[in-house]
Amino acid sequence: MKINYLAVIVAAVVHFVIGGLWYGLIFANIFVDIVGRQQLEKMAADSHWSQYLIAFISSLVLVYVLAHFVQFTGSKTVGGGLQTAFWLWLGFVATTQLSGVIFEQRRLGLYLLNIGYHLVACLICGALLAVWRPKETADEVVVPT
């Protein structure tokens with residue numbers, strides 16, 4: 001199984017940027033309403049470089065694992081990448097984050113906002129990884145005789 005590492009890095013950047021747009025631009029007002037302005041102001045006083053670094057590494061790991069599943073399922077089209085990403089999102093993201101709502105009493109709105117971000121980002125990355133295939137090397141090319 002050959003992973004296209006350039007596609008993984010680009011998809012991780014895309015995943016990370018979608019997060020910034022999702023929480024900072026598209027749904028900023030909803031995020032502020034759910035989390036609370038006072039909580040965000042308290043968080044804003046801290047340095048965030050380590051949080052951004054951890055978030056990017058998290059995106060990189062997620063996309064790397066997604067790339068393996070895209071390869072494993074043989075997804076080579078946008079539709080195949082979307083389908084692979086959707087099932088992984090449903091099985092591993094939506095379900096595991098739901099326990100935070102049930103047992104940790106986190107807000108349902110924040111859960112929906114978070115899993116919505118992960119759904120959109122994973123779908124885009126899955127499609128990207130499916131169509132941006134690694135180049136075949138001479139060893140992998142089968143020449144008919």
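Predicted model, so just to flag it, every value in this text is computed and none were measured.
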Does [X] use its side chain to pair, donor to acceptor, with the backbone of [Y] at less than 3.5 Å?
X	Y	value
Ser58	Ile54	no
Thr84	Gly81	no
Tyr111	Ala94	yes
Trp22	Leu113	yes

Taking all non-hydrogen atoms of both residues into account, name the closest pair between [X] and [Y] and its distance.
X	Y	result
Asn114	Gln97	CB-OE1, 3.5 Å
Val131	Thr77	CG1-C, 3.9 Å
Ala121	Ile18	CA-CD1, 3.9 Å
Ala85	Leu66	CA-CD1, 4.0 Å

Return the OH to CH2 distance between Tyr52 and Trp49, rounded to the nearest 0.5 Å. 13.5 Å
Path from [X] to [Y] over hydrophobic side-chain contacts below 4.5 Å:
X	Y	value
Leu123	Val17	no
Val65	Leu119	no
Leu90	Leu82	yes
Leu112	Phe27	no
Ile26	Phe31	yes

Would you say that [X] contacts [Y] through its side chain, given a criterion of any heavy-atom pair below 4.5 Å between the two side chains?
X	Y	answer
His15	Tyr117	yes
Trp87	Thr73	no
Val8	Leu60	yes
Leu129	Ser75	no
Trp89	His118	yes

Leu62/Cys122 under side-chain contact (heavy atoms from CB on, under 4.5 Å): CA gap, chis, key distance, verdict: CA-CA 9 Å; Leu62 184 147; Cys122 286; 3.8 Å; yes
Could you check whether atom CD of Gln105 has more than 12 heavy atoms from other residues, nucleotides or ligands sitting under 6.0 Å from it?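 No - once you tally the heavy atoms of other residues, nucleotides and ligands closer than 6.0 Å, there are 12 at most.
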Qualifying residues under side-chain hydrogen bond (donor to acceptor under 3.5 Å, both in side chains), relative to Asn4, sequence neighbours excluded: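 Partners of Asn4 under the side-chain hydrogen bond (donor to acceptor under 3.5 Å, both in side chains) test: none.
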For Arg133, check salt bridge (charged side-chain N to carboxylate O under 4.0 Å, His left out) against everything at least two apart and list the hits. none
Would the Tyr64 and His68 ring centres measure less than 6.0 Å apart? yes
